[in-house]
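Here is the structure we will look at.
Residue numbers begin at 1 in each chain, while the letters A, B, ... track the order of the sequences.
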Number of protein chains: 2
Amino acid sequence: MNKPTSSADHPELLKLENQLCFPLYAVSRMFTKAYQPFLQQMDLTYPQYLVLLLLWEHRELTVKALGDKLLLDSGTLTPLLKRMEQKQWVSRRRDPRDERSVIIGIQPAGDALQQQACRIPEHLIERLQLSVPEFEALRQQLNTLLTRLT
Amino acid sequence: MNKPTSSADHPELLKLENQLCFPLYAVSRMFTKAYQPFLQQMDLTYPQYLVLLLLWEHRELTVKALGDKLLLDSGTLTPLLKRMEQKQWVSRRRDPRDERSVIIGIQPAGDALQQQACRIPEHLIERLQLSVPEFEALRQQLNTLLTRLT
DNA sequence: GAATGTTTAATTGTGTGCAATTAAAATGTA
DNA sequence: TACATTTTAATTGCACACAATTAAACATTC
């Protein structure tokens, strides 16, 4: 009974091609790569871009709020935000009303990046060749999964 | 004309919630986290699990072939495979017919992990609460995107 | 068959991700 | 007020990812 598993009795479920996890993992990374040429021009990384998307909209957010929205913890965000602070894109300061919290604010140099960034989504949509209904359907399915997984 | 962008003229396309990239990025990471409790029991990481999925099926693959299938380069794979070699899950040797290539082979200890791993997909499918048609539709859409992005 | 170009891994350096721990601040409770 | 609990960031350590470079082996061309 210790005979090694042959391809004959290899469960179909364990084949890479039948998994949902792999295309998800791979598409996510390829997506990030598709952003690269645009982000590189702005000296931005992909997660840093996500932080800016939130700060362009909300102007100020605590590290906790950023983490809740991006599903990232301080172990990831703290060093990332320190790098963004060094480049003068964001400010970091303690909340005087709750010294535990650190408030991240958008800075002028960070705001300036929006002019270039606003072109990115159209480039990506073109690259993906997805119709609007396809795009919406996929987005909703992923958001449903996200809800179930969090 | 240097007035900072207000939320009023903030393009809808630049909101995190309207992006496809973010749910993809987040779901992918949450998926990996959902595998964690099972993989942890086997002392496996998620990309190592993907390597094993391929080796259980193909028994031997070059680093190049693994990289082609997983869309990962040697900068990621070489150290990962060295760690797997240390744990006796895989073997690494040069191809005598082409000394540039390194052949990765599954070892008995790596094969043994399949007994536990074969339970993982069912656990995950249950966790996702996806019907078979939903599962298939999503998988196909992601594979289509993967093709367009590579 | 030497020169040139291509392919393949390995290496280096930077930036995430994330589990686990630490420490400070705030909150709840006796 | 004292004490325990909870919340929030920061820190530490490890494992990816990936761009860029290096070096060896192979292939091509003349």
Does D98(A) or R83(A) map to a spot on DNA chain C nearer the 5' end, using the closest nucleotide for each? R83(A)
Of Q36(B) and V102(B), the one whose closest DNA chain C nucleotide lies more 5': V102(B)
Contact list please: residues 62-80 of chain B against DNA chain C, heavy atoms, distance less than 4.0 Å, in numerical order. T62(B), V63(B), K64(B), S74(B), G75(B), T78(B)
Between L20(A) and L142(B), is any pair of side-chain heavy atoms under 4.5 Å apart? yes
Can you check side-chain contact (heavy atoms from CB on, under 4.5 Å) on L138(B) and L145(A), steps first, answer last? CA-CA 11 Å; L138(B) 187 52; L145(A) 279 187; 3.4 Å; yes
So, does Y46(A) get its side chain near the phosphate of dC18(D), meaning an N or O under 4.0 Å from OP1 or OP2? no
Can R29(B) be said to sit on top of Y25(B)'s aromatic six-ring, NZ or CZ under 6.0 Å from centre and within 45° of the ring axis? yes
Looking at [atom1] of [X] and [atom2] of [Y], how far apart are the two atoms once the value is rounded to the nearest 0.5 Å?
X	Y	atom1	atom2	value
F31(A)	L128(A)	CZ	CG	4.5 Å
L16(B)	L52(A)	CG	CG	11.5 Å
K33(B)	L39(B)	NZ	CG	14.5 Å

Quick test of your reading of the model: are E85(B) and K82(B) salt-bridged, counting only N-O distances below 4.0 Å? no
Compare the minimum distances between each of [options] and the side chain of [X], then state the nucleotide with the smallest one.
X	options	value
R92(B)	dC18(C), dA10(C), dG17(C)	dA10(C)
R100(B)	dC16(D), dG17(C), dT7(C)	dT7(C)
S101(A)	dG15(C), dT8(D), dT11(C)	dT8(D)

Which class fits the ring pair Y49(B) and W56(B): parallel under 30°, tilted 30 to 60°, perpendicular over 60°? perpendicular
Look at the rings of Y35(A) and Y46(A) and say which category their plane angle falls in: under 30° parallel, 30 to 60° tilted, over 60° perpendicular. tilted
Please check this pair: side chain of R139(B) against backbone of P23(A), looking for a donor-acceptor N/O pair closer than 3.5 Å. no
Donor-acceptor contact present, side-chain R83(A) to main-chain Q48(A), <3.5 Å: no
Five pairs per end, C1' atoms only: what is the angle between the end axes of the helix from dG1(C)-dC30(D) to dA30(C)-dT1(D), to 10 degrees? 20°
Interface residues of residues 141-150 of chain B with DNA chain D (non-hydrogen, below 4.0 angstrom): none
At under 4.0 Å between heavy atoms, what does Q48(A) touch on the DNA or RNA strands: base, sugar-phosphate, or nothing? sugar-phosphate
